[in-house]
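Side-chain atoms are counted along with the backbone in the values below, which use heavy atoms only and exclude waters and symmetry mates. Residue numbers start from 1 in every chain, and the chains themselves are labelled A, B, ... in the order their sequence lines are given, proteins ahead of strands.
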2 protein chains.
Amino acid sequence: MDDFRLVRAKSGTNQEGTSAHNQRVILDALRINGALSRADLARATNLTKQTVSNLVENLERDGLVRPQDVVRKGRGQPSTPYCLVPEGAFAIGLQIDRHVTRAIAVDLVGNVLVRAEAKLSTDGPATGVRIILGLIEGVRRDLQRQRPQAERRLSGLGIAMPGPFGLDGADDDEWMMASWQAFPLLETLAAGTGLEVGLQNDAAACATAERMLGNARGLDHAVCIYIGYGIGAGLILGGELYSGAHGNAGEIGMALFSDGGRQTPLEHRASMASLYQHLGIDPAADAYHAVFDLVERDDPRIGEWISRAATDLRWAVHLVETLFDPQSVILSGGASETLMRRLLAATEPLLPSLAERKGRPVPRLQLGMTDPWAVALGAAAEPIGRAFEPRFSAILKERG
Amino acid sequence: MDDFRLVRAKSGTNQEGTSAHNQRVILDALRINGALSRADLARATNLTKQTVSNLVENLERDGLVRPQDVVRKGRGQPSTPYCLVPEGAFAIGLQIDRHVTRAIAVDLVGNVLVRAEAKLSTDGPATGVRIILGLIEGVRRDLQRQRPQAERRLSGLGIAMPGPFGLDGADDDEWMMASWQAFPLLETLAAGTGLEVGLQNDAAACATAERMLGNARGLDHAVCIYIGYGIGAGLILGGELYSGAHGNAGEIGMALFSDGGRQTPLEHRASMASLYQHLGIDPAADAYHAVFDLVERDDPRIGEWISRAATDLRWAVHLVETLFDPQSVILSGGASETLMRRLLAATEPLLPSLAERKGRPVPRLQLGMTDPWAVALGAAAEPIGRAFEPRFSAILKERG
DNA sequence: GGATTAAGTCAATACGTTTGACTTAATAAG
DNA sequence: CTTATTAAGTCAAACGTATTGACTTAATCC
């Protein structure tokens, strides 16, 4: 009678799925390539001119694309390139980190319109959520002031926080945020903001940002190694962010590796936390600027940490190249650009791997965003991607 | 004028894509769940009864499904379950290994109908291809004799061989098959057989087999660690086999790990090749039975190898759990079941990882196929999957 | 100034899913 | 035993979306 619940099957699709996909494909093409004419779009997407015209008309009516000046290029009727309308959609991104939370508002093309941050006390999530809701409310007010259409066009709230998610019986050691994990955060924030919420770990958020706005734009296979308080890998596999069965894919910080006989998680050696420890800095204070200053003054302890961390990072790059076979690995992090550049340089030469091939169009390892706001940006990019990027799941019918 | 070639975009879709997907979804549901009525299918796929009826009618006309006896269960009109027709499609699978090649013929549900194997000389691919083409031709003749409709319904030729693929300047050491890599194998076999050919590495093929017929059936996130001559991981991510940007994802055998100071590829320690070396067996001879006998006689050298290999395997399992966050890891290999069982047992207890959670529906690590024919089976499953499994790429329009 | 080329539109058509009413066939309740 | 209820499955019309081929427009080339 109700044993049909046990039937495992994928979802079917219908014409609306078709249309939804095609609209997303067009928006994606405009995002990656900039303005394109309808004829260009038809060729690039394998759709007919007529279909593209219909879809573009819809998108223009919805305020997501707009025509630019007519372009004459050679023989034939001049073309009308269309481009994304930045004000076509907005999203709020929220980063929850150990000691700080950041909220950000972006538009459809990724312009950052509002930023705000607040300290998080160690009182745990109950008080933390109050702070966060206040922060988000402020950001929304500011956004609304700048862009009156924003509230109507808010596509959601993206949340990024350190993983791993859903551990049972996790020790609440300083590396994890177990009390936050146990708290019904998504439900609370969804109720408190009235927005659709999505969750990623911080490395995934960073990869999302790199894909929408950074060096991974247009790449379908990329791994973003994110060095934050911990270290993790955000995975772009087959054109989509991959999160694994429980949202924990890419948690490379927890990978054990041999360290002179003992097995240590990578996170304990290559992460900002390990740097803070090495420097004797209190992470709860303004660690970013403390490190920034030491880097600028070229403190020898920075070099010590870099050479140790680079050794481990070299191994991590080798590992993700070997296991994921990406087009490129992107190193990003919430530390100062100088520090990240030095770390990148110290990681070279990379270990030999399958990725070592002639005529690579992109480098094996490249620097990505180095900005404390990168994760919040990626968090904000998530709802935009969910609403506007081509994905398999967007084609399928919803249950019910 | 022709700069539109530079426009990067995903492909659009149309009603035929919709229908193709829905048909695949129905076949997939029948494969995973066994016979289902049209009403069951409608509920499971979120399609309407009417749509399912139309699709099932098409599938029945195409000879892919057939009705079973009417089933009375409770109130209401009795239902008619439909099931896959084994003779609805056939495929040939080909494994090319270092010293041997195996060909296999399967039907739609994975029944093995024909097997054949041949030794491969070390003369390289030119003579090898002649042997292979002969082998395939024999298998097709046998298949045709058993199932007269087979030739009309052959969906393709799947090839599995050791990776990695597309290395430039690869040393032709005993672990790789560089001369085979350089040879235009796919083109030659496509031309020689007139079939559509597909290529996977052996670990991927094993994962394909486990997904279609083994312990990964119905799982959308699984990693299959395959111990063959080398060692590799086949990745089922998000319901599809993942091969990476160049077909080399999961080549864990090439992952370097610290071994008392030195960095060694995993492959040099946990692989049949390392066992052959440890035992002083010539892999070109009948190594399978030589090992089989030593295992049955409980030769102490087997235990030595197992304990060493298990240590490394434990680490490999930890690594793929950490990086891929799968529902389960499946250990399979072309060695005797006894050996694989002992290796599995020696790998326990597993290292702590994110996968350690209460109420797991499937074990963290489980034994998969232990059969020299598993890879060939997976190779044969690939064309079936390409033709009949739901995948994103199957929805999209073809270029042109 | 006419030929050619390319962008884009128009109107009719084809395809596949959906909708709602209907039929069939079983069990449950009175 | 009769009637109500439930569920599977069908029918035919409607709907949404992409496609087709002819047509228009507007530029460059010769």
Toward the 5' end of DNA chain C, by each residue's nearest nucleotide, B/P78 or B/N54: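 In this pair, the answer is B/N54.
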
Nearest heavy atom decides the nucleotide; on that basis, is A/N14 or A/Q77 closer to the 5' end of DNA chain C?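 Counting from the 5' end, the first nearest nucleotide belongs to A/Q77.
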
Once you round it to whole Å, what is the distance between [atom2] of [N] and [atom1] of [X]?
{"X": "B/L55", "N": "C/dC15", "atom1": "CG", "atom2": "P", "value": "16 Å"}
{"X": "A/Y82", "N": "C/dA7", "atom1": "OH", "atom2": "P", "value": "14 Å"}
{"X": "B/E16", "N": "C/dT13", "atom1": "CD", "atom2": "C1'", "value": "14 Å"}
{"X": "B/N46", "N": "C/dG16", "atom1": "CG", "atom2": "C1'", "value": "17 Å"}
{"X": "A/H21", "N": "D/dA18", "atom1": "NE2", "atom2": "C1'", "value": "13 Å"}
{"X": "B/L396", "N": "D/dA18", "atom1": "CG", "atom2": "P", "value": "14 Å"}
{"X": "B/Q23", "N": "C/dC15", "atom1": "CD", "atom2": "P", "value": "15 Å"}
{"X": "A/I395", "N": "D/dA18", "atom1": "CD1", "atom2": "P", "value": "12 Å"}

Is the phosphate of [N], meaning OP1 or OP2, less than 4.0 Å from a side-chain N or O of [X]?
{"X": "A/R75", "N": "D/dC30", "result": "no"}
{"X": "A/R43", "N": "C/dA7", "result": "yes"}
{"X": "A/T51", "N": "D/dT17", "result": "no"}
{"X": "A/T48", "N": "D/dT19", "result": "yes"}
{"X": "B/T18", "N": "C/dG16", "result": "no"}
{"X": "A/S79", "N": "C/dA7", "result": "no"}
{"X": "A/N22", "N": "D/dA18", "result": "yes"}
{"X": "A/R72", "N": "C/dA6", "result": "no"}
{"X": "A/K49", "N": "C/dC10", "result": "no"}

With nearest nucleotide decided by heavy atoms, which residue, B/G76 or B/K397, maps closer to the 5′ end of DNA chain D?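 Here B/G76 is the residue nearer the 5' end.
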
Between A/V70 and A/L47, which residue's closest nucleotide on DNA chain D lies nearer the 5′ terminus?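 Looking at the nearest nucleotide for each, A/L47 comes out on the 5' side.
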
What residue among B/L108, B/V106, B/L113 forms side-chain contact (heavy atoms from CB on, under 4.5 Å) with B/F90?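 Among B/L108, B/V106, B/L113, the one meeting side-chain contact (heavy atoms from CB on, under 4.5 Å) with B/F90 is B/L113.
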
Does A/Y242 form a ring-ring contact (aromatic ring centres under 6.0 Å, His included) with A/H221? I'd like the steps, not just the answer. CA-CA 10 Å; A/Y242 185 71; A/H221 308 270; over 10 Å; no

Is a side-chain donor-acceptor pair under 3.5 Å present for B/Q200 with B/T208?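 There is such a pair between these side chains.
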
Donor-acceptor side-chain pairing of B/S37 and B/T80 below 3.5 angstrom: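 Distance-only check fails for B/S37 and B/T80.
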
Applying side chain to side chain donor-acceptor pair (under 3.5 Å) as the test, list every pair that has at least one member in residues 19-34 of chain A; sequence neighbours left out.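 Checked against side chain to side chain donor-acceptor pair (under 3.5 Å) - neighbours excluded - no pair reaches residues 19-34 of chain A.
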
Would you give the length of the straight line joining atom CG of B/L55 to atom CG of B/L41, rounded to the nearest 0.5 angstrom?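 Going from the CG atom of B/L55 to the CG atom of B/L41 covers 9.5 Å.
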
Given C/dT9, D/dG9, C/dG8, the nucleotide with the shortest approach to the side chain of A/S53: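 Within the option list, the nearest is C/dT9.
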
Would you state whether a donor and an acceptor, one from the side chain of A/Q15 and one from the base of C/dC15, lie under 3.5 Å apart?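 No such pair is found, so the answer is no.
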
Answer with yes or no whether A/Q50 presents, from its side chain, a donor or acceptor under 3.5 Å of a partner atom in the base of C/dC10.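 Yes, the side chain and the base share a sub-3.5 Å donor-acceptor pair.
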
